[in-house]
Amino acid sequence: MLVLNNIKKRYAMGEETVNALDDVSITIQDKEFVSIVGPSGSGKSTLMNIVGCLDSADEGTYILFGTDVTHLSDRQLSEVRNKKIGFIFQGFNLLSKLTALENVELPLIYQGISANERKEKAIEALKKVGLEGRVKHRPTELSGGQQQRVAIARALVTNPSLILADEPTGNLDSKSGKEIIALLHELNDNGNTIMLITHDMSLAKEAQRSIEIRDGKIVNENIYRAGDAI
Amino acid sequence: MTFFQGLKMALLSIKYNKMRSILTMLGIIIGVLSVIVLVSIGQGAGDQVTSRIKALGSNTLTVTITSNSSKSFTASELMELAGSNGIENISPSLSSSVTTKSGSQTDEDTKIIGIYPSYESIAGDTLDYGRYITDVDIEYKLTNAVVGVDVATNLFGTTDCIGETITIENKQFTIVGVLTSTGTSSTSNDDERIIIPFSTAQRIFLQSSIKSFYVSTTSEDTITQAENKISSFLDDKLGVTSTVSSDGTTTNSSYKIYNQNELIETVASTTSTLTAMLGGIAGISLLVGGIGIMNIMLVSVSERTKEIGIRKAIGAKRKDILLQFLIESIVISLSGGVIGLLLGYICTIILSNVLSMTLAISGGLVLLAIGFSVAVGVVFGLYPANTASKLRPIEALRHD
């Protein structure tokens, strides 16, 4: 379970102070598929950074699967990101010099897992996203949809509690986009908690529950279908 | 992340930036190369001079008498000292510079030295032709001479000139022996000298008292003992008292005893200062190479900001990023060091042939070069690596 309590985050923009997040409280159950929707500048990226432990809140508390991560050190946050969170970005963010397999192995390297075990787990993750035939390919040799699937395999490989997808279909054609969404559903069915961040209302409806955010505040919440956990 | 992983990442990054990595390495290659070559030249020159001095015999003492007092001693009194107190051989000497003639040929500025037969073993002289000065030559003040090869070739055009006559100070001398060539050094040419009986030299140069003599000791260990014996002998004969300082050197205004080892030490310390200076100058280029590494690593960090952001997002700790970039700079500097070492080795082989001197790369020098290039990698890689590790993941991810 993820619990965000009264999260506030401010940025200084020249003379002015912008409230990127203003008193946001969200609870997400285990195995839930939640989307955060809002236009650009709404604060959803800031929210994602905080949920993803890439940034910390100015005020409020954040409890991630029983661990209070509000006041963790840089080093401890790295460990949380490594073990508990899998990231899927709009721009894929793969390392272009590494093969698909090496990209997927990367989070395991930082866990200090042995080479054999790493390879085994990475191949397994690539199988899950249907890319077992592209193991030795580099990102430039893959289509956008395939690159995003490598990124999903990388997010999956550590068996994280939370998968954080930031506009995962933003750079893809609609067919590839649909495939990626189908893959997210599959992961959710297999018991992964998923948070999808998007500006696209129709995409947001893919989730069980959608939270709309505007000017740093939650303005609306829709339940589209009952999930297993609710 | 393990060290091995970091190494793999570093090699990959070097592979993808081949040209840049090679150019960066070049700074270190040139630095290490020049340190190796210059230091080995310095050491080689030092070894050469020291071995020349040692060739004269490291267990030799040279004594010069500066006193003008009427008190003196005879050659036979001096010769009695041989065979005891660690003294092996002893020979008075009388040297001068003369012009020699044979027919129309002249040889100018030739060193002439009057000695006893025992000088042969003290100086380590060997003969190519004929014989050395003998006791008979001394006793009858014979005008026989032993010449160096240069004297022989200058006057007769051949080294085999036994029985020929030469004119020295208007006296006819018969050549009875030709010395083996010893090669030239910058200070003196032992191949251009004439050796004659001491008694004959005394008569030619009108010198009755002994002004200098050479002593060889049984071993290097008996030098002090021999020195003490000689100084007490001279104190007695010349009627002076000398003071012996704590380090064993005899101070006296009437005579001086020169010890070959002291000379070697002086030369050795001079050349080691020279070597250190050459090494230091070459070290500056290594330093410049290090700055090159720092420069390129900083470029690399800013180019790879996005990569650092991705790595951090998926769980790389500061330590991991720091290690990755540090290993990269060490790999560059160490490879440069090893290549520089190999090139330096080749250069010294070529140079030892060209300069005809022995240039050896010592184990210490190899360690120094390798150690120094690793140190350069660490020192100049630390700042860029630290910059990389401090990047904030969200900002790094936003970077294009």
Side-chain angles (χ1 to χ4, degrees), chain A residues 9 11 20 45-56 72-99 102-115 118 138-139 151 153-158 160 164 166, chain B residues 1-21 297 299-328 331-332 385-400:
Chain A
K9 183 77 184 175
Y11 290 115
S45 291
T46 309
L47 183 63
M48 190 208 96
N49 288 339
I50 289 170
V51 171
C53 293
L54 291 166
D55 205 354
S56 46
L72 291 185
S73 69
D74 193 57
R75 185 194 162 83
Q76 287 166 319
L77 285 176
S78 293
E79 220 168 296
V80 169
R81 285 198 297 271
N82 188 218
K83 291 187 176 152
K84 300 203 166 167
I85 302 168
F87 289 94
I88 303 167
F89 300 97
Q90 179 176 4
F92 322 133
N93 283 351
L94 297 173
L95 297 187
S96 56
K97 291 165 192 172
L98 303 183
T99 62
E102 286 166 338
N103 264 294
V104 176
E105 278 186 71
L106 214 52
L108 300 175
I109 287 176
Y110 294 119
Q111 282 186 6
I113 288 172
S114 77
R118 222 158 55 204
R138 287 178 210 286
R154 184 180 65 187
L156 280 180
V157 77
T158 54
L164 209 51
D166 181 15
Chain B
M1 192 179 70
T2 61
F3 176 79
F4 182 71
Q5 274 301 325
L7 194 67
K8 224 173 126 185
M9 287 180 196
L11 290 176
L12 200 68
S13 155
I14 289 167
K15 193 181 122 194
Y16 274 92
N17 292 301
K18 236 176 250 152
M19 193 61 191
R20 189 162 84 185
S21 305
M297 289 307 292
V299 171
S300 179
V301 167
S302 86
E303 266 183 6
R304 287 152 72 188
T305 303
K306 180 91 171 187
E307 177 193 326
I308 296 162
I310 296 169
R311 286 181 184 276
K312 282 200 151 184
I314 63 174
K317 298 182 188 73
R318 274 194 59 180
K319 183 194 82 186
D320 297 323
I321 302 292
L322 187 86
L323 204 62
Q324 184 189 340
F325 282 89
L326 202 56
I327 288 174
E328 197 173 317
V331 166
I332 291 177
N386 190 44
T387 310
S389 77
K390 272 184 175 164
L391 287 173
R392 281 160 47 85
I394 30 171
E395 276 150 33
L397 273 173
R398 229 178 273 148
H399 199 272
D400 287 320

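A, B, ... follow the sequence lines: proteins, then strands. Residue 1 opens every chain.
Taking every heavy atom of both residues into account, B:A316 and A:S78 meet most closely at O-OG, 3.5 Å. Counting all heavy atoms, side chain and backbone alike, B:I310 lies closest to A:L94 at CD1-O, 4.1 Å. Here the closest heavy-atom approach between residue B:G315 and residue A:Y110 is recorded as O-CB, 3.9 Å. Closest non-hydrogen pair, A:F89 versus B:A313, comes out as CZ-CB, 4.1 Å. The minimum heavy-atom distance linking A:L54 with B:P393 is given by the pair CD2-CB, 3.8 Å.
From B:K317, atom NZ reaches atom OG of A:S73 across 10.0 Å, with rounding to the nearest 0.5 Å. Distance check, rounded to the nearest 0.5 Å: CD1 of B:I314 to CG of A:N103 gives 7.5 Å. Remark: A:E102 CD to B:M9 CE distance equals 9.5 Å, nearest 0.5 Å. In this structure, the separation between NZ on B:K8 and CD1 on A:I109 is 6.5 Å, given to the nearest 0.5 Å.
Residues A:R118 and B:Q5 form a side-chain contact, since some pair of their non-hydrogen atoms from C-beta on lies under 4.5 Å apart.
Partner B:E307 forms a side chain to side chain contact (heavy atoms under 4.5 Å, CB included) with one of A:L98, A:N93, A:L95 and no other, that one being A:L95.
Neither the backbone nor the side chain of B:K15 comes within less than 4.5 Å of any heavy atom in chain A.
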